[in-house]
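Okay, structure first, notes after.
Everything quoted here is computed from the prediction, not taken from an experiment.
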Amino acid sequence: MSAPEAQPERPGPPARKGGAAALGWILTIGLNVVAPIITYHQLRDHGWSEFGALLISSAWPVLDSAISLAWRRKIDEFAVVTLVFLVITAVVSLIGAHSARALLIKDSGVTGLFGLLCLATLLAPRPLMFYFGRKFATDGTPASTAWWNGLWQYEGFRRTMIVMTAVWGVVYLVEAGVRIALAFVVDTDTMVVVSPVMIYTVLGCLGVWTAMYGKRSQAEGERRAAEAAAAEAGAGAGAGAGAA
């Protein structure tokens, strides 16, 4: 009986450059989260429409992509997803009446469309969580980016990224469906409170689950690699003893 084939052990990440990582995160959070929110509310306070304010706010992720392209010679996928999300929100804002209930339903539609985006990327060469993971796990330098990209060769890593993306997609579709249903059975004042609580609760739970699942998958991959290596070493020792 032949020994099981040894699985190559995943290489560890290169040393992170603290300054580059900190600067990258400041730019990412500032241009993709803080600046769009401030811009949107400032424009709304000055009489801009929801659609117009969202479109203008989407200029910040475009700027982030331009900086990333000039600095690292690559597109920042996180900024691209943020831009897509803002555009989806702007388009959804144009649909239907502008009653309080309609606005609540449209908010749910945005997260539902994000869920569909996650599931759609399962048909792409690499799913959405691969790019999100690269944003969180690396400092954006060529060495760390190459390390993360190289992990795609491992079947366990690919399965982990696919499962994560599928779970995020399904959960956000369910979350959107539940919030839309609640918008019809719960009074508006209550729903205005419940809706954001659901959004952040789901996001928090997904974040915790993703971290735990990623660690468990990594540990499982390392265990299998160690078992395969031990089996190969044992087979080699047995063959050597037989030859002697």
Do Q42 side-chain atoms and T39 backbone N/O form a donor-acceptor pair below 3.5 Å?
->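 Between the backbone of T39 and the side chain of Q42 there is no qualifying donor-acceptor contact (under 3.5 Å).
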Taking side-chain hydrogen bond (donor to acceptor under 3.5 Å, both in side chains) as the test, write out the residues that go with D187, two or more places apart.
->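 With sequence neighbours excluded, D187 shows a side-chain hydrogen bond (donor to acceptor under 3.5 Å, both in side chains) to T190, given in chain and number order.
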With sequence neighbours excluded, residues passing side-chain hydrogen bond (donor to acceptor under 3.5 Å, both in side chains) with T121 =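 side-chain hydrogen bond (donor to acceptor under 3.5 Å, both in side chains) check on T121 returns nothing, list empty.
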Looking at residues at least two apart in the chain, or sitting in another chain, which of them share a salt bridge (Lys or Arg N to Asp or Glu O under 4.0 Å) with R159?
->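 Expected list: E155.
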Kindly give the heavy-atom pair with the smallest separation between W48 and R44, and that separation in Å.
->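 For W48 versus R44, the nearest heavy atoms are O-NH1, 3.0 Å.
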Do [X] and [Y] land in one hydrophobic cluster if side-chain heavy atoms of ILVMFWY residues count as linked below 4.5 Å?
{"X": "L203", "Y": "V194", "value": "yes"}
{"X": "I199", "Y": "I180", "value": "no"}
{"X": "V178", "Y": "V185", "value": "yes"}

Ring-ring centroid check W148 F157, cutoff 6.0 Å =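 Centroid distance W148-F157: below 6.0 Å, so yes.
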Side chain to side chain, C205 and W209, heavy atoms closer than 4.5 Å |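 No, too far: nothing below the 4.5 Å cut-off.
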Got a sec, which pairs hit salt bridge (charged side-chain N to carboxylate O under 4.0 Å, His left out) with one end in residues 168-181, sequence neighbours left out?
->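 Applying salt bridge (charged side-chain N to carboxylate O under 4.0 Å, His left out) to every pair that reaches into residues 168-181, excluding sequence neighbours, yields E175-R179.
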Who else is in the cluster with M212 when I, L, V, M, F, W and Y are joined by side-chain contacts under 4.5 Å?
->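 Grouped by the 4.5 Å side-chain rule, V208 form the rest of the cluster around M212.
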Considering only distance and modelled atom types, tabulate donor-acceptor pairs under 3.5 Å from the side chains of residues 163-173, sequence neighbours left out.
residue	atom	partner	partner atom	Å
T165	OG1	M129	N	3.1
T165	OG1	M161	O	2.8
W168	NE1	T210	OG1	2.8

Separation of I162 CD1 from L128 CG (nearest 0.5 Å) =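 The CD1 atom of I162 is 13.0 Å from CG of L128, to the nearest 0.5 Å.
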Could you tell me the separation between the OG1 atom of T160 and the OH atom of Y154, rounded to the nearest 0.5 Å?
->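 T160 atom OG1 to Y154 atom OH measures 13.5 Å (nearest 0.5 Å).
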Tell me whether the guanidinium CZ or amine NZ of R126 lies under 6.0 angstrom from the six-membered ring centre of F130 and within 45° of its axis.
->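 Judged by the rule (NZ or CZ under 6.0 Å from the ring centre, within 45° of its axis), R126 counts as positioned above F130.
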